[in-house]
There are 2 protein chains.
Amino acid sequence: MTSEPSPATKGERTRATLLAAAYQQFVTKGYHGASMRSIAEAAGITAGAIYNHYAGKEDIFRAVVLAYHPFSSALPTLANAEGETLSDFLSDAIQRFEQAFEDSPGILNLLFIELVECEGRHLPELATAFAPAVMAFTEKLQAAPDLSRTQQPFVIVRTFLSMLFAYYITEQFLTGARFPTEIGDVSDFLDIYLHGILVRAEEQK
Amino acid sequence: MTSEPSPATKGERTRATLLAAAYQQFVTKGYHGASMRSIAEAAGITAGAIYNHYAGKEDIFRAVVLAYHPFSSALPTLANAEGETLSDFLSDAIQRFEQAFEDSPGILNLLFIELVECEGRHLPELATAFAPAVMAFTEKLQAAPDLSRTQQPFVIVRTFLSMLFAYYITEQFLTGARFPTEIGDVSDFLDIYLHGILVRAEEQK
DNA sequence: CCTACCGATCGGTAGG
DNA sequence: CCTACCGATCGGTAGG
């Protein structure tokens, strides 16, 4: 999404600028907090001109959610993650995710807004959009030779993505709360995800 | 917070009704989506009357966040979790959390709003409020005899709370996306948290 | 705690 | 794509 060649016509270029401006306004102010005027101003046009490109506020938010959701950039590359062992494979997947989050910080905010202010209205559409990438990732994950088969494949994918989400959300909290000390990083999360926190039977004595 | 005896004066009763109405409006509509008028109506008074109890919208949101954040009800009881082994202890802790989430569903929405629309303005205050309960829980957790000491105590608490968060957030997504099949429950999350998903060396043959 | 009101801003439209 | 405008609603206040 970010590194596409500049669109041909001027109208298409304006539309792309508008979408990026809307994304930036929504993630920092929420759906109702971002006004059509503030979006227009951020895109360098006037409020009325937006309606040449989108039917209304709801329409432009929907376009933003579909274009900028956390998986649009991360999941396709996630499905390309490499690594023989489970540890290598998931480490690679995490690195790809980190890159995606670095490229657009606050990308989780979009999902929060969708959940709260839009009451999950666009979730079905969103799920359809990234289902193929999830499937591809699931198949790759299952190929790891040292994967424990005590859980269903989708449960493993859900918990893995959950772990990534949880890391970034708690990170937002800790920095927001101005916590004095560092409390773990993403490798600690992965380590626990791979090995658990229970002492192994044979080590217990 | 929910089962306190009815306040003495009528003014205090109105104030409590108002706070509950504001909570309900905020979590379903977001900060900017909920209007002072809608809050007043939900509380059975007129918009102007709110200002006899709170200085303004920001003030009433702050009061809601402090009164209804996810830990206000869950963390104190969490610190009372019982169980000899790690598994028993965390299972008990999870049950207490589930109860808290059942009592007020959508309680996570408040934190989302705080992160997005308020840009985490109240997080330091919030952190101060529940730090003691986190400390108490941390100490209890460390007493478990079969806890692996490869991670720092606070990292373990962060990842444990993260796991709970992640479970409820992904649950919101899956139901919102109208996913056809069940994909794991909280016991699957706990199981992975305790044991990891890597096959153990001695089982690998 | 209500009625009545304030200026400001909202999403959206008409006409060019 | 802009100017000018619409009715509606916003947060907040005055006065009682």
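Residue numbering restarts at 1 for every chain, and letters A, B, ... go by the order of the sequence lines.
- A:Lys57 has its NZ atom 13 Å from the C1' atom of D:dT9, to the nearest Å.
- Regarding A:Tyr54, its OH atom lies at a distance of 15 Å from the P atom of C:dG12, rounded to whole Å.
- Nearest nucleotide to the B:Ala49 side chain, out of C:dC1, C:dG11, D:dC10: C:dC1.
- Between B:Glu114 and the choices B:Arg121, B:His122, B:Arg62, the side-chain hydrogen bond (donor to acceptor under 3.5 Å, both in side chains) rule is met once, by B:His122.
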Item to check | Strand DNA chain D in bracket notation, Watson-Crick/G-U under 3.5 Å with | for pairs to another chain | outcome: ||||||||||||||||
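- Of the candidates C:dC1, C:dG11, D:dC1, the closest approach to any side-chain atom of B:Thr14 belongs to C:dC1.
- Between B:Phe137 and B:Phe89, the two ring planes are parallel [angle under 30°; tilted spans 30° to 60°].
- Nearest to the side-chain atoms of A:Met36 among the listed nucleotides D:dC1, C:dG11, D:dC10 stands C:dG11.
- Taking the ring centre of A:Phe189 as origin, the terminal cationic atom of B:Arg158 falls outside the region bounded by 6.0 Å and 45° from the ring axis.
- One atom, CD1 of B:Ile50, and another, P of C:dT3, lie 14 Å apart when rounded to the nearest Å.
- Whole-Å rounding puts the B:Asn52 CG to D:dG16 P distance at 16 Å.
- In this pair, A:Tyr193 and A:Phe160 present their aromatic rings tilted. The plane angle is within the 30 to 60° band.
- Atom CD1 of A:Ile45 is separated from atom P of D:dC2 by 6 Å (rounded to the nearest Å).
- In this structure, B:Thr46 reaches the bases: a heavy-atom distance under 4.0 Å links it to at least one base atom across the strands shown.
- When all heavy atoms of A:Leu18 and A:Ala43 are compared, the pair lying nearest together is CD1-CB, 3.7 Å.
- Remark: C1' of C:dT9 and CD1 of A:Ile39 are 15 Å apart, rounded to the nearest angstrom.
- Using a 4.0 Å cut-off between charged nitrogen and carboxylate oxygen, A:Glu82 and A:Arg96 do not count as a salt-bridge pair.
- Ranked by how close their nearest DNA chain C nucleotide is to the 5' end, B:Gly11 and B:Arg37 are led by B:Gly11.
- When the side-chain nitrogen and oxygen atoms of B:His32 are compared with OP1 and OP2 of D:dC10, none of them lie within a distance under 4.0 Å.
- Look at OH on B:Tyr51: it is 15 Å from C1' on C:dC2, rounded to the nearest Å.
- Taking atom NE2 of B:His53 as the reference point, atom P of D:dT13 lies 16 Å away to the nearest angstrom.
- Using a 4.0 Å heavy-atom cutoff across all strands shown, A:Ala34 reaches sugar-phosphate atoms only and no base atom.
- Under the 30°/60° scheme for interplanar angles, the aromatic rings of B:Tyr23 and B:Tyr68 are found to lie parallel.
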